[in-house]
Amino acid sequence: MREREVGRGESMFALMRAVIAGVPRGKVITYGQVAEKAGFPKAARQAVWSLRDAKGLPWHRVVAAGGRIALPGEKGLDQRLRLEMEGVTFRGGRVRMDAHEWKGKAR
DNA sequence: TCCGTGACGCGAT
DNA sequence: CATCGCGCCACGG
């Protein structure tokens with residue numbers, strides 16, 4: 001019963017998905033934060049895997065550090081559009097993290 | 001088992 | 001501010 005009860009990645013992704021699912025409309029979170037909140041401060045890349053298997057998760061609310069849209073091509077354009085629809089504002093191609101960064105339940 | 005890959009992060013140049 | 005390089009972590013061939 002410790003924090004490292006992972007053993008196999010399965011629960012790791014489950015934790016990350018839970019974090020992502022908890023991001024409210026109009027807010028965004030970075031890959032690094034997803035990993036951190038899930039208990040894996042250095043597994044930003046694994047956050048990507050959890051999105052690969054998104055299935056109903058608000059994947060568009062997950063961006064790269066600094067509010068950058070990491071998803072390339074049309075997908076990235078789609079993500080930006082979805083975020084703007086939720087009221088998220090941008091500044092030079094980046095999400096204004098100072099205004100939309102999800103800091104946890106303290107809303 | 002070794003190697004390459006990826007919607008990453010961050011410091012250095 | 002734009003790029004590059006290195007570190008991290010789990011997966012698939």
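Convention: sequence-line order gives letters A, B, ...; per-chain numbering from 1.
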Please examine the side chains of [Y] and [X], heavy atoms only from C-beta on, and report whether any two atoms are closer than 4.5 Å.
X     : Y     : value
A/V28 : A/M97 : yes
A/I20 : A/W59 : no
A/R25 : A/R61 : yes
A/R68 : A/V63 : no
A/V34 : A/L51 : no

Worksheet item: Is the shortest side-chain N to carboxylate O distance from A/E86 to A/R82 below 4.0 Å?
Response: no

Fill in: A/K42/A/E36 ion pair, N-O < 4.0 Å
no

Worksheet item: To the nearest Å, how far apart are A/M16 CE and C/dC11 P?
Response: 11 Å

Worksheet item: What string of B, S and - do you get for nucleotides 5-10 of chain B, 5' to 3', when a contact is any protein heavy atom under 4.0 Å?
Response: -BBBSS

Worksheet item: Checking A/R96 against A/F90: charged group under 6.0 Å from the ring centre and within 45 degrees of the axis?
Response: no

Practice prompt. Could you check which residues of residues 84-96 of chain A get a heavy atom under 4.0 Å from DNA chain B? Sort them by number, please.
Written response: none

